[in-house]
Amino acid sequence: MAKAILFTGGSVFDGTAFLAPGTSVLVSGGKVAAVGADLDPGGADVVDLAGGTLLPGFQDAHVHPVFGGMQLLGCDLSEAETAQEYLAIVAGFAAANPDLDWITGGGWGMTAFPGGIPTAAQLDPVSGGRPVILTNRDGHGAWVNSRAMELAGITRDTLDPADGRIERDAAGEPVGMLQEGAMNLVRHLIPADTDEDRYRGLLAAQDYLLSLGITGWQDAIIGSGFGDADAATAYHQAASAGTLRADVVGALWWQRHEGLEQLPGLLHRREHDGRDGFRLTSVKMMLDGVAENHTAAMLDPYLDGHGCATHNSGLDFIDPAELPRYVTALDQAGFQVHFHALGDRAVRNALNAVAAARAAHTGSPGRTIRHHLAHLQVVHPADIARFAELGATANIQPLWATAEEQMTELTIPFLGERRAAWQYPFRGLAASGAHLAAGSDWPVSSPNPLLGIHVAVNRSTPDSADTPFLPDQAIPLATALAAYTSGTATVNGVDGQAGRIRPGYQASFAVTDADLAAIGDHEICAAAVTQTWVRGELAYRND
């Protein structure tokens with residue numbers, strides 16, 4: 001049996017609150033054995049926290065690790081910011097990989113381009129004549145070059161698919177930007193990634209997430225969502241090889257153009273495709289798109305550049321009239337539903353569906369599956385209280401709640417002042433009694449929990465500290481920390497096992513170099529994870 005370990009000499013956050021100064025934590029057999037002051041170390045190894053903080057391992061409630069890891073290993077644009085930097089990376093990647101038939105990758109931001117629209121004309125000179133497809137950070141659009149459009153047969157006569165849009169110039173010619181379902185016009189041509197590619201991506205992602213103190217997550221797409229191959233094979237390989245160290249829930253993709261005929265297949269996958277450390281207990285329903293390209297489903301139409309109402313109120317990817325029936329059936333089958341709900345109409349549709357499922361089970365007291373709504377960019381004030389009333393979790397991505405260019409230039413002008421004030425209402429949700437979980441949507445945005453917590457508490461990044469975004473919706477540090485630990489553990493069905501520092505719980509921890517109980521709110525982002533422990537074993541150390 002592994003030797004006992006005593007963690008001492010720093011602050012302890014137990015998943016809901018900071019414990020009294022002087023608290024230590026004793027670990028034995030991979031679990032927390034005791035929590036308190038003046039614990040006898042006996043023959044235990046001692047880990048000196050050196051004035052830092054011991055927390056439950058962070059958990060990410062909405063993330064795409066296999067895709068993110070493969071992006072790290074491909075043409076990764078996520079660390080750049082300008083169009084010139086992106087093009088330089090593409091040129092360098094093309095030169096370094098002359099044998100690739102396609103140049104693929106992603107991570108670019110919309111604010112680098114006028115109107116958020118990059119063009120094929122920019123990509124063509126750096127691609128060496130090879131087809132290129134680069135997904136943007138939010139995963140809802142792709143930048144392609146002329147060769148890719150030629151191979152896909154995309155011309156001025158190509159019709160927009162029902163679930164997407166081909167961006168065009170004033171003459172009607174495609175410019176090289178494909179929104180939502182239009183990406184599939186090109187994606188189906190890309191050489192398929194192999195199982196080994198996905199496995200390598202998962203391992204790269206896991207190493208990265210462990211370095212940030214993340215010991216568990218919910219993979220938000222398992223299946224053929226967004227035209228990508230099924231990530232489950234990577235998890236199967238990792239579980240078989242003993243290399244999967246995190247606790248993972250997989251959210252099985254709901255095919256948006258199908259109905260309940262897919263339920264037997266989902267049940268079969270839940271029963272047969274899970275592995276140790278990988279559970280397929282959730283179903284992902286993507287209800288709408290994103291606000292920046294006006295595909296998020298809104299109760300009222302978007303505005304045009306002059307502040308006048310348009311005829312566009314976004315897209316419903318799943319029929320709202322059928323959604324209550326689908327969710328009720330999934331709830332009856334014991335599935336958690338993980339909604340992508342970004343616009344206020346999508347949020348309301350999701351809550352209505354949860355309400356229908358709850359009503360169908362009024363005769364089953366105590367039976368509550370923790371359905372959760374991710375993103376929640378725009379929530380109508382009338383719907384805030386419904387989260388707590390229905391037992392629906394608010395799955396927040398705090399990094400998006402900032403006054404950056406994508407918000408000020410591509411979102412607020414087209415929502416209008418009144419609706420723009422309803423964005424990311426974290427404090428309102430918490431005050432109403434809603435259960436909060438938190439995640440990153442990586443590789444859409446950074447998976448660093450401490451950076452997300454900084455934004456949740458300050459409503460600004462270090463670069464935008466002078467212009468907090470709707471600061472009345474900031475939440476206290478302990479609330480944000482709880483969302484990233486015990487809050488997500490509850491959503492992932494491991495409450496009672498992980499997400500808290502209590503006797504009997506897994507000894508899966510993050511250790512930071514700063515005393516989070518003592519530092520100022522504007523210093524949170526300066527803290528860093530120095531150690532990550534998984535079930536009492538050191539999984540990462542920053543030496």
* To do: Go through the steps to decide whether Gln423 and Thr411 satisfy the test side chain to side chain contact (heavy atoms under 4.5 Å, CB included), and finish with yes or no.
  => CA-CA 10 Å; Gln423 294 186 88; Thr411 303; 3.7 Å; yes

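- Here Leu287 contributes atom CG and Phe339 contributes atom CZ; the two are 6.0 Å apart, rounded to the nearest 0.5 Å.
- Heavy atoms only, all atoms of each residue included: Asp316 and Ala297 are closest at OD1-CB, 3.6 Å.
- No donor-acceptor contact under 3.5 angstrom links the side chains of Thr467 and Ser464, judged on distance only.
- Closest approach of Ala148 to Trp102, counting heavy atoms only: CB-CZ3, 4.0 Å.
- Closest of all the heavy-atom pairs between Ser460 and Ala465 is OG-CA, 3.6 Å.
- In this structure a side-chain-to-backbone donor-acceptor pair under 3.5 Å is present from Gln262 to Gln255.
- A side-chain N or O of Asp76 and one of Ser78 form a donor-acceptor pair less than 3.5 Å apart.
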* To do: Please assess Leu315 against Gln179 for the test side chain to side chain contact (heavy atoms under 4.5 Å, CB included), listing each intermediate value before the final yes or no.
  => CA-CA 12 Å; Leu315 300 176; Gln179 306 282 16; over 6 Å; no

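- Asn293 and Thr295 share a side-chain donor-acceptor pair at under 3.5 Å.
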* Asked: Between Asp495 and Ser486, does a side chain to side chain contact (heavy atoms under 4.5 Å, CB included) hold up when you go through it step by step?
  -> CA-CA 7 Å; Asp495 44 328; Ser486 59; over 6 Å; no

* Asked: Do Arg256 and Asp163 pass the salt bridge (Lys or Arg N to Asp or Glu O under 4.0 Å) test, and can you show the C-alpha distance, the side-chain angles, and the key distance before you say yes or no?
  -> CA-CA 10 Å; Arg256 59 179 67 163; Asp163 60 350; 3.3 Å; yes

* Steps toward ring-ring contact (aromatic ring centres under 6.0 Å, His included) verdict (His340, His62) -> CA-CA 10 Å; His340 167 119; His62 183 109; 7.3 Å; no

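- For Ala238 against Leu202, the heavy-atom pair with the smallest separation is CB-CD2, 3.9 Å.
- For the pair Arg370 (side chain) and Thr393 (backbone), a donor-acceptor distance under 3.5 Å is absent.
- Leu134 is not listed as a side-chain neighbour of Tyr86, based on a closest heavy-atom distance of 4.5 Å or more.
- Counted by atom type alone, Gln218 and Ser282 present one or more donor-acceptor pairs between their side chains at under 3.5 Å.
- Contact record, Gly289 with Glu180: CA-OE2, 3.4 Å, taken as the closest heavy-atom pair.
- Counting only heavy atoms from C-beta outward, the side chains of Val63 and Asp219 never approach each other to under 4.5 Å.
- Summarising the geometry, atom CD1 belonging to Ile103 is positioned 8.5 Å from atom CG belonging to Leu123; distances are rounded to the nearest 0.5 Å.
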* Apply side chain to side chain contact (heavy atoms under 4.5 Å, CB included) to Ile221 and Met286, showing your working. => CA-CA 10 Å; Ile221 298 179; Met286 188 170 179; over 6 Å; no

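- Between Asp515 and Leu49 there is no side-chain heavy-atom pair separated by less than 4.5 Å.
- Formation of a donor-acceptor pair under 3.5 Å by the Asp383 side chain with backbone atoms of Leu351 is not found in this model.
- Taking the side chain as every heavy atom from C-beta outward, Thr104 and Met70 never approach each other to under 4.5 Å.
- Note that the NE2 atom of His236 and the CZ atom of Arg275 stand 4.0 Å from one another [nearest 0.5 Å].
- At least one donor-acceptor pair closer than 3.5 Å links the side chain of Arg130 to the backbone N or O of Ala94.
- Of the possible polar contacts, none joining the Asp521 side chain to the Asn458 backbone as a donor-acceptor pair under 3.5 Å is found.
- Between Arg200 and Asp193 there is no salt bridge, since none of the side-chain N atoms of the basic residue sits less than 4.0 Å from a carboxylate O of the acidic one.
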* Taking it one step at a time, do Thr243 and Gln237 satisfy side chain to side chain donor-acceptor pair (under 3.5 Å)? -> CA-CA 8 Å; Thr243 55; Gln237 188 171 347; over 6 Å; no

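- Inter-residue side-chain proximity for Trp422 and Val347 is flagged as unmet; no heavy-atom pair is nearer than 4.5 Å.
- Taking the side chain as every heavy atom from C-beta outward, Asn492 and Asp247 never approach each other to under 4.5 Å.
- Across all non-hydrogen atoms, the minimal contact from Trp400 to Ser445 is NE1-OG, 3.0 Å.
- Remark: Arg419 does not engage Asp344 in a salt bridge, criterion side-chain N to carboxylate O under 4.0 Å.
- The pair Arg269-Asp230 meets the salt-bridge criterion, with a side-chain N (NZ, NE, NH1 or NH2) lying under 4.0 Å from an Asp/Glu carboxylate O.
- A 4.5 Å side-chain heavy-atom check between Phe387 and Leu376 finds at least one atom pair inside the cut-off.
- Put simply, CD on Gln473 and CZ on Phe426 are 8.5 Å apart, with the number rounded to the nearest 0.5 Å.
- Heavy-atom neighbours of Glu537 CD from other residues, nucleotides or ligands within 6.0 Å: at or below the threshold of 12.
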* To do: Report the C-alpha distance between Thr530 and Asp513 in whole Å, list the side-chain angles of each, state the deciding distance to 0.1 Å, and finish with yes or no for side chain to side chain donor-acceptor pair (under 3.5 Å).
  => CA-CA 6 Å; Thr530 57; Asp513 60 359; over 6 Å; no

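- In terms of modelled atom types and a separation under 3.5 Å, the side chain of Asn97 and the main chain of Phe93 share a donor-acceptor contact.
- The residues Glu167 and Arg165 are annotated as salt-bridged, a charged nitrogen and a carboxylate oxygen being separated by less than 4.0 angstrom.
- A donor-acceptor distance shorter than 3.5 angstrom exists from the side chain of Trp143 to the backbone of Thr119, with no hydrogens or angles considered.
- Put simply, the side chain of Thr488 never gets that close to the backbone of Ala437: no donor and acceptor are under 3.5 Å apart.
- Here CZ of Phe58 is found 13.0 Å from CG of Leu210. Values are rounded to the nearest 0.5 Å.
- Judged by distance alone, the side chain of Arg137 and the main-chain N or O of Val444 form no donor-acceptor pair under 3.5 Å.
- Relative to the ring axis of Tyr424, Arg459 does not place its NZ or CZ within 45° and under 6.0 Å from the centre.
- Counting heavy atoms from C-beta outward, Pro56 and Tyr484 have side chains that stay 4.5 Å or more apart.
- The CD1 atom of Ile524 sits 7.5 Å away from the CD1 atom of Ile453 when rounded to the nearest 0.5 Å.
- Judged purely by atom type and a 3.5 angstrom limit, Gln122 has no side-chain atom pairing as donor or acceptor with the backbone of Leu87.
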